[in-house]
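Worksheet: one structure, shown below.
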Number of protein chains: 2
Amino acid sequence: MAIPSLDELDLLHSHICTAVGDPKRIQILYALYEQPRNVSALVEALATPQPTISRHLTVLRDRSIVVAKREGQSVIYSLSTPQIIEILDAMRQILRDSLDHKSNLLANEDSSEAITGETITV
Amino acid sequence: MAIPSLDELDLLHSHICTAVGDPKRIQILYALYEQPRNVSALVEALATPQPTISRHLTVLRDRSIVVAKREGQSVIYSLSTPQIIEILDAMRQILRDSLDHKSNLLANEDSSEAITGETITV
DNA sequence: TGGATATATTCGGATATGCGAATAAGCAAA
DNA sequence: TTTGCTTATTCGCATATCCGAATATATCCA
């Protein structure tokens with residue numbers, strides 16, 4: 001059987017997935033893709049309390065999605081690999097497709113109307 | 001500022017991510033990539049109670065990651081797009097890289113020894 | 001060393017998630 | 001309709017996650 005078993009690897013795999021499954025962490029990753037930043041810069045950019053940012057960074061760092069480099073008093077965070085952004089973009093593409101699909105379904109179900117005027121644009 | 005705000009889109013985005021952030025759902029997706037299956041086939045392939053499988057399928061279906069098609073008494077599930085498997089594979093690649101990196105770190109920290117003999121292979 | 005700045009961690013409570021067991025609901029054939 | 005097969009949903013509980021607030025740790029500089 002080619003289906004992988006529920007072993008530790010799958011758990012690690014899910015850890016990677018859940019790490020990028022939090023809205024604030026998504027924002028952090030896009031912010032770091034734009035440029036490496038220290039914690040304070042992220043706090044300001046995301047308008048989020050510093051402990052919250054640090055906790056999310058800890059999650060991302062534990063899963064090796066970001067790396068931290070101390071520079072004096074600051075700790076500069078950056079993406080371990082820009083690949084993660086490609087992954088997020090691919091997911092966002094799937095999201096866009098599914099939204100299109102859903103609005104088509106709505107249009108079909110409500111057959112008395114034309115295609116729903118409000119098309120969500122990602 | 002190019003950083004996206006924490007709006008509904010980010011929430012939807014995180015829904016996609018968290019949907020694939022469960023080990024059993026990862027297995028389900030790989031099983032459906034291999035071939036479309038009904039619930040019973042997934043129950044057998046993953047050796048998991050049927051309600052558990054159905055609940056996970058509901059999550060995946062709600063997020064438009066899988067689609068369901070009724071065929072008589074059965075409901076055949078299949079991937080909405082094989083792209084999701086590319087995404088999972090890309091994540092697994094990142095996981096492999098990070099595992100390599102961690103074992104390198106271990107090797108460096110324990111500088112009295114050579115490279116750790118046990119290299120995890122994904 | 002002492003103070004200021006930057007980052008990390010802990011604690012407690014609210015919310016969310018996953019699971020097993022039981023049950024409900026949908027479909028087909030007699 | 002009744003029976004049997006398949007899938008979906010509900011319930012209760014255990015666990016995990018998130019957040020805000022407070023605190024601890026780390027670094028630099030005077």
Side-chain angles (χ1 to χ4, degrees), chain A residues 5-8 10-29 31-32 35-78, chain B residues 5-8 10-29 31-32 35-78:
Chain A
S5 63
L6 183 52
D7 55 8
E8 190 179 352
D10 288 312
L11 287 177
L12 291 173
H13 193 168
S14 72
H15 286 341
I16 299 289
C17 296
T18 55
V20 299
D22 180 274
K24 280 226 167 68
R25 288 199 286 267
I26 291 176
Q27 294 187 294
I28 289 176
L29 292 174
L32 295 182
Q35 59 175 308
R37 299 171 197 251
N38 62 14
V39 177
S40 301
L42 288 170
V43 166
E44 186 183 0
L46 275 64
T48 301
Q50 175 266 319
T52 298
I53 296 290
S54 281
R55 260 185 281 113
H56 284 310
L57 287 172
T58 299
V59 172
L60 294 171
R61 181 160 33 82
D62 285 346
R63 291 156 172 72
S64 299
I65 298 173
V66 303
V67 292
K69 183 180 70 168
R70 180 169 279 280
E71 253 183 36
Q73 311 179 54
S74 296
V75 177
I76 313 291
Y77 281 87
S78 56
Chain B
S5 63
L6 183 53
D7 56 7
E8 190 178 352
D10 288 313
L11 288 177
L12 292 172
H13 193 168
S14 73
H15 286 341
I16 300 288
C17 296
T18 56
V20 298
D22 181 274
K24 279 229 167 66
R25 289 200 285 267
I26 291 176
Q27 294 187 293
I28 289 175
L29 291 175
L32 295 182
Q35 60 175 308
R37 299 171 197 251
N38 63 13
V39 178
S40 300
L42 289 170
V43 166
E44 186 183 0
L46 275 64
T48 300
Q50 175 267 319
T52 298
I53 296 290
S54 281
R55 259 185 280 114
H56 284 308
L57 286 172
T58 300
V59 172
L60 294 170
R61 180 161 34 82
D62 286 346
R63 290 155 173 72
S64 299
I65 298 173
V66 303
V67 292
K69 184 180 70 167
R70 181 168 278 280
E71 252 182 38
Q73 312 178 53
S74 296
V75 178
I76 312 290
Y77 281 87
S78 55

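Residue numbers start from 1 in every chain, and the chains themselves are labelled A, B, ... in the order their sequence lines are given, proteins ahead of strands.
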A side-chain contact here means heavy atoms from C-beta on lying under 4.5 Å apart; do [X] and [Y] qualify?
| X | Y | answer |
| --- | --- | --- |
| A:V67 | A:S78 | yes |
| A:I76 | A:P36 | yes |
| A:V43 | A:T48 | no |
| B:P23 | A:L11 | yes |
| A:L42 | A:L57 | yes |

>> How would you summarise protein contacts on nucleotides 10-22 of chain D per nucleotide, using B for base, S for sugar-phosphate only and - for none, with heavy-atom distances below 4.0 Å?
In response: B-------SBBBB
> In B/S/- notation, 5' to 3', how is nucleotides 24-30 of chain D contacted by protein heavy atoms closer than 4.0 Å?
Replying inline: ---BS--
>> Any side-chain N or O of B:S74 below 4.0 angstrom from OP1/OP2 of D:dC5?
In response: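 For D:dC5, neither OP1 nor OP2 has a side-chain N or O of B:S74 closer than 4.0 Å.
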>> Counting only side-chain nitrogens and oxygens, does B:Y77 get under 4.0 Å of the OP1 or OP2 atom of D:dA8?
In response: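 For D:dA8, OP1/OP2 do have a side-chain N/O of B:Y77 under 4.0 Å.
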> Measuring from B:C17:SG to B:L12:CG, what's the distance to the nearest 0.5 Å?
Replying inline: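 The distance works out to 11.0 Å.
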> Out of curiosity, B:L60 CG to B:L29 CG, how far, rounded to the nearest 0.5 Å?
Replying inline: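 The CG atom of B:L60 sits 5.0 Å away from the CG atom of B:L29.
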>> Tell me the bend of the helix from C:dT1-D:dA30 to C:dA30-D:dT1 as the angle between end helix axes, each from five pairs, rounded to the nearest 10 degrees.
In response: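 Its terminal axes enclose an angle near 20°.
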Got a list of side-chain donor-acceptor pairs under 3.5 Å for residues 49-56 of chain B, not counting sequence neighbours?
unit_1	atom_1	unit_2	atom_2	d
B:Q50	NE2	B:S54	OG	3.1
B:H56	ND1	B:R25	NH1	3.1

> Stepwise, does the side-chain contact (heavy atoms from CB on, under 4.5 Å) test hold for A:Y77 with A:V39?
Replying inline: CA-CA 8 Å; A:Y77 281 87; A:V39 177; 3.8 Å; yes
> For B:S74, what residues pass the side chain to side chain donor-acceptor pair (under 3.5 Å) criterion, not counting sequence neighbours?
Replying inline: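 Side chain to side chain donor-acceptor pair (under 3.5 Å) check on B:S74 returns B:N38.
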> Who passes side chain to side chain donor-acceptor pair (under 3.5 Å) against A:T58, sequence neighbours left out?
Replying inline: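 Only A:R61 meet the side chain to side chain donor-acceptor pair (under 3.5 Å) criterion with A:T58.
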> Quick one: how far along DNA chain C does chain A reach, first to last nucleotide 5' to 3', anything under 4.0 Å to a heavy atom?
Replying inline: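 Contact boundaries, 5' end first: C:dT5 to C:dT10.
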> Can you list the residues that meet the side-chain contact (heavy atoms from CB on, under 4.5 Å) rule with A:Q35, with sequence neighbours excluded?
Replying inline: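 Residues passing side-chain contact (heavy atoms from CB on, under 4.5 Å) with A:Q35: A:R37.
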>> Please give me the minimum heavy-atom distance between A:A19 and A:I65, naming the atom from each residue.
In response: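 It is CB-CD1, 3.5 Å.
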